[in-house]
Enquirer: 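Questions regarding the structure given below will be posed in turn.
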Amino acid sequence: MSRAARDLEIAQSIVPDFHRRLKYALKHPSILGDRVDVDLFGRVCEFPDLATLADPITGLTPLMLSVSSPAYTKFFLENGAPWNAVCRRNKCAGNYASDGGHQEVVDILVDHATKCEMLLSQAILNNDKKTPVPSVVDTKEETDVSAQKCTKKDYLSRSVKYDGEKLLDGDNDAVMMEWERPLMAEHAKIICQGKKRVLNVGFGMGIIDSILQTHTPAHHTIIEAHPDVYAKMKKDGWLSKPNVTVLFGRWQDVIGSIPAGSLDGAFFDTYAENHTDLSEFHRHLPRILARGGVYSFFNGLCPDNIFFHGVACQVVKLELEALEFEVEFAQCQIQVKDEAWEGVRRKYWHFDFYYIPICVLKSEGEKGEAKEGQGAAKKQRK
Ligand SMILES: C[S@@+](CC[C@H](N)C(=O)[O-])C[C@H]1O[C@@H](n2cnc3c(N)ncnc32)[C@H](O)[C@@H]1O
C-alpha cells in the first residue's frame, strides 16, 4: 500500500466523511475560491503524501483544486505534487490558476516549474545522455496521435517528401509548412538587418533562407542534415549561390567547423529533436557569434498547452541569460486555417499567437556591467 493510500485510510478513520469529501472536492473544481472546503484542506495538510493523489476518473489533483490558495499551492508543491500533471481535460494546475485569475498562484507555479525544469535540463546536459528529456509535456498517454512525442530518432534515415505547401516526413507529420512564412520573415528580419554574416540551421522548405537572401547578407551559412533535403538544395542551386556555404550534416557534427566570432546572426529550426538538443546548441552560440550578435529560434516549445509553453520559454530565457544573452519575446498574431492541416497527420501548432525570441549576445562592456550590477546586488543583500 502506498503512503498516500495509507494516509488516506488514517484520515478516513479520523474524519469519518474525509474520503467522500476529498473525492467530492477532487471531482468538483467549482468548490474553489470562497467556497473551498477549508476544513478538508486542513485535514489534507496533516497528511502531506496526499499531495501526490489524483482522482482516477477526472485526473484532478489536490494541487489543481487548491489554485485559489497560495498557501495550499506551496504546501502541495513542497510535498511532491507534480506541477505538470494534467487532468482528463488536459489541463494542469497552472491552467486552472490562470483561468481563475489567481496570479499569485500562477507565479508560484511558474517559479517552481522553472526550477524543476532547469535542474532536469542541467542534469541531462551534465550527464551527456542522449535520451530524450522527460519533458514537462510528455505526461499524456501515447495512444492519442496528437499526444505522441515529436522527437524521432530515425527521422534522418527515412525519406521526406515535398508536397505543395508542406514538407512531410515518413509518417506524414509536417516537417515544415507554408503558413510559417510570415513567422520566418520576422525571424529573418531579427537576425539579419543590414549586411550581416548569418547562419541558419535546418533548411526545410528553404523559406527563411530565401528571405535571408533578400536581405543580401555578407555571408550566409546553412546547415542541413537530411539527404533528401540536401538533394533539393542542390537541385535548386543553393550549393552554387555566391556567398552561401552549405554544411551538409547534423549541426552537432559540423558546428565545430564554424570559426569563432564569425557570425552576426543565427537562427535554429530543426525537426525531430528535443529541448536537450536546443540547450546543447545554445552552448555553442557564445563561441560562434560575435559580441552583439543576434540569435533566434523557432519557438515551438510545448505548443499545445499555454502554461507549459510559458514555463518552457522561461527556462530557455534563463539558460540563454546564463550564456550572457539578453532575451526578450516579441508577441505576434498568427492564424492557421484548418485547411492547411489537410494531409498532415497531426497539428503541431495550436495557438493564435507566437512569441518570437530575440536574443542578443552582450558586448564585453555589458558583460562587465552585468557583473558589477550583480556584485552591487550581492553587497546590498549582505
Ligand atoms: C522545420 S525544418 C526548417 C524549416 C526552415 N526554417 C524553413 O524556413 O523552411 C527543419 C529542418 O531541419 C533539418 N534537421 C533536422 N535535424 C537536424 C540536425 N540535427 N542538423 C541539421 N539539420 C537538421 C531537417 O531535415 C529539416 O530540413
Side-chain angles (χ1 to χ4, degrees), residues 130 132 149-192 198-215 217 220-236 238-239 244-258 265-285 288 295-301 303 334 336 340 344 346-349 354 356-357:
K130 298 298 176 221
K149 292 187 185 92
C150 55
T151 49
K152 294 182 183 187
K153 282 200 176 118
D154 60 352
Y155 161 70
L156 292 173
S157 59
R158 296 175 68 195
S159 302
V160 295
K161 60 172 183 268
Y162 287 90
D163 176 18
E165 302 218 320
K166 48 197 180 289
L167 170 61
L168 301 173
D169 72 6
D171 299 321
N172 281 338
D173 277 322
V175 178
M176 182 63 187
M177 297 179 74
E178 184 60 34
W179 66 260
E180 285 189 40
R181 185 174 287 276
L183 302 182
M184 293 298 134
E186 289 303 315
H187 284 291
K189 217 190 295 169
I190 286 161
I191 67 155
C192 190
V198 290
L199 164 72
N200 172 43
V201 183
F203 180 80
M205 292 169 65
I207 297 177
I208 194 160
D209 289 300
S210 305
I211 299 170
L212 284 169
Q213 281 292 297
T214 66
H215 290 274
H220 182 172
T221 305
I222 306 168
I223 301 179
E224 174 54 50
H226 199 290
D228 296 350
V229 178
Y230 182 70
K232 167 93 170 132
M233 294 176 80
K234 201 169 175 182
K235 188 169 148 249
D236 292 351
W238 282 92
L239 272 53
V244 173
T245 302
V246 178
L247 299 175
F248 176 48
R250 295 169 70 238
W251 64 262
Q252 292 88 338
D253 301 327
V254 300
I255 194 100
S257 68
I258 297 181
F267 179 64
F268 183 89
D269 180 15
T270 62
Y271 178 73
E273 297 197 321
N274 59 39
H275 180 84
T276 312
D277 298 296
L278 183 68
S279 300
E280 205 177 314
F281 178 76
H282 290 167
R283 290 181 165 199
H284 292 275
L285 287 169
I288 59 176
Y295 165 67
S296 194
F297 60 92
F298 176 69
N299 189 359
L301 301 165
I334 179 84
V336 191
V344 175
R346 59 179 159 177
K347 274 173 92 163
Y348 63 84
W349 192 255
Y354 177 80
I356 302 187

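Not measured: the values here are computed from a predicted model. Just follow the structure's listing: the first ligand is 1, and inside any ligand the first atom is 1.
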Enquirer: Test your reading of the structure: does R250 have an N or O sitting under 3.5 Å from an N or O of ligand 1?
Expert: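 No; the residue has no nitrogen or oxygen that sits under 3.5 Å from a nitrogen or oxygen of the ligand.
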Enquirer: Check whether any N or O atom of F267, backbone or side chain, sits under 3.5 Å from an N or O atom of ligand 1, and answer yes or no.
Expert: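 No, since none of the N or O atoms of F267 sits under 3.5 Å from an N or O of ligand 1.
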Enquirer: Determine whether any heavy atom of S210 lies closer than 4.0 Å to an atom of ligand 1.
Expert: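 Contact check S210 vs ligand 1: negative.
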Enquirer: Does any N or O of ligand 1 fall below 3.5 Å from an N or O anywhere on I207, backbone included?
Expert: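 Checking ligand 1 against I207, an N or O pair does fall under 3.5 Å apart.
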Enquirer: State the atoms of ligand 1, each with its element, that fall below the 4.0 Å cut-off from a heavy-atom position in H226.
Expert: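 Here the atoms of ligand 1 in question are 25 (O).
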Enquirer: Any atoms of ligand 1 less than 4.0 Å from a non-hydrogen atom of I208? List them with their elements.
Expert: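 Numbered from 1, ligand 1 contributes 6 (N), 7 (C), 8 (O).
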Enquirer: How far is atom 18 (C) of ligand 1 from its nearest protein heavy atom, and which residue and atom is that?
Expert: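 So the nearest neighbour among protein heavy atoms is W251 CD1, 3.5 Å.
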Enquirer: Quick check on the 6.0 Å ring-centre criterion: do F248 and F203 meet it?
Expert: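 When the ring centroids of F248 and F203 are compared, they turn out to be at least 6.0 Å apart.
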Enquirer: Do the non-hydrogen side-chain atoms of Y354 and F298 ever get within less than 4.5 Å of each other?
Expert: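 Yes, at least one pair of side-chain atoms sits under 4.5 Å.
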Enquirer: Take Y348 and W179 through the test ring pair (Phe, Tyr, Trp, His ring centres under 6.0 Å) and record every step on the way to the result.
Expert: CA-CA 12 Å; Y348 63 84; W179 66 260; 5.7 Å; yes
Enquirer: Between D277 (side chain) and E280 (backbone), is there a donor-acceptor pair under 3.5 Å?
Expert: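 No, because the side chain of D277 does not come within donor-acceptor range (under 3.5 Å) of the backbone of E280.
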Enquirer: Counting from 1, what ligand 1 atoms have a heavy atom of G249 closer than 4.0 Å?
Expert: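 Result: 20 (N), 21 (C).
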Enquirer: Need the ligand 1 atom indices (1-based, order shown) with element for anything under 4.0 Å from a heavy-atom of M184.
Expert: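 Ligand 1 atoms under the 4.0 Å threshold to M184: 6 (N), 8 (O).
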Enquirer: Given F203, Y155, Y271, which has its nearest heavy atom closest to atom 5 (C) of ligand 1?
Expert: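 Heavy atom nearest to atom 5 (C) of ligand 1 belongs to F203.
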Enquirer: What protein heavy atom lies closest to atom 12 (O) of ligand 1? Include the residue and the distance to one decimal.
Expert: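 Looking at atom 12 (O) of ligand 1, the protein heavy atom closest to it is G202 CA, 3.3 Å.
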Enquirer: Considering only NZ, NE, NH1 and NH2 on the basic side and carboxylate oxygens on the acidic side, decide whether E178 and R181 come within less than 4.0 Å.
Expert: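 A salt bridge is present here (some side-chain N lies under 4.0 Å from a carboxylate O).
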Enquirer: Look up atom CZ in F267 and atom CE in M184, then write down how far apart they are to the nearest 0.5 Å.
Expert: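 Spacing of CZ (F267) from CE (M184) equals 4.0 Å.
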Enquirer: Which heavy atom of the protein is the closest neighbour of atom 19 (N) of ligand 1, given with residue, atom name and distance?
Expert: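 Looking at atom 19 (N) of ligand 1, the protein heavy atom closest to it is E273 OE2, 2.8 Å.
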Enquirer: Hydrogens and angles aside, do E273 and W251 bring a side-chain donor and acceptor to less than 3.5 Å of each other?
Expert: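 Yes, a side-chain donor-acceptor pair sits under 3.5 Å.
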Enquirer: Just to confirm my output: which protein heavy-atom neighbour is closest to atom 1 (C) of ligand 1, and how far is it?
Expert: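 Result: V175 O, 3.0 Å.
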Enquirer: Would you say A272 touches ligand 1, if touching means a heavy atom closer than 4.0 Å?
Expert: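 No.
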Enquirer: Assess the residue pair Y155 and H226 against the criterion (ring pair (Phe, Tyr, Trp, His ring centres under 6.0 Å)); give the C-alpha distance rounded to whole Å, side-chain angles, the decisive distance to 0.1 Å, and a yes or no.
Expert: CA-CA 8 Å; Y155 161 70; H226 199 290; 5.1 Å; yes
Enquirer: Below 3.5 angstrom, do we get any N/O pair linking G204 and ligand 1?
Expert: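 Between G204 and ligand 1, an N or O pair is found under 3.5 Å apart.
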Enquirer: So V244 and Q213, do their side chains get closer than 4.5 Å, heavy atoms only?
Expert: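 The answer is yes, as the side chains (C-beta and beyond) meet within the 4.5 Å cut-off.
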Enquirer: Relative to the heavy atoms of M205, which atoms of ligand 1 are at a distance of less than 4.0 Å?
Expert: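 Within the 4.0 Å cut-off of M205, ligand 1 contributes 9 (O).
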Enquirer: Taking the ring of H282 and the ring of F268, is the distance between their centroids below 6.0 Å?
Expert: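 Not under 6.0 Å, so no.
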Enquirer: Starting from atom 27 (O) of ligand 1, which protein heavy atom do you reach first, and at what distance in Å?
Expert: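 Result: E224 OE1, 2.7 Å.
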Enquirer: When you measure from the side chain of N200 to the backbone of D209, do you find a donor-acceptor pair of N or O atoms at a distance under 3.5 Å?
Expert: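 No; zero donor-acceptor contacts below 3.5 Å.
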Enquirer: Would you check if the side chain of D171 reaches a backbone N or O of D173 as a donor-acceptor pair within less than 3.5 Å?
Expert: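 Side chain of D171 to backbone of D173, a donor-acceptor pair under 3.5 Å: no, none is there.
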Enquirer: Could you find the nearest protein heavy atom to atom 22 (N) of ligand 1 and give me its residue, atom name and distance?
Expert: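 Atom 22 (N) of ligand 1 sits closest to the protein heavy atom A225 N, 3.4 Å.
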Enquirer: Identify the protein heavy atom lying closest to atom 10 (C) of ligand 1, giving its residue, its atom name and the separation to 0.1 Å.
Expert: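 Answer for atom 10 (C) of ligand 1: D269 O, 3.2 Å.
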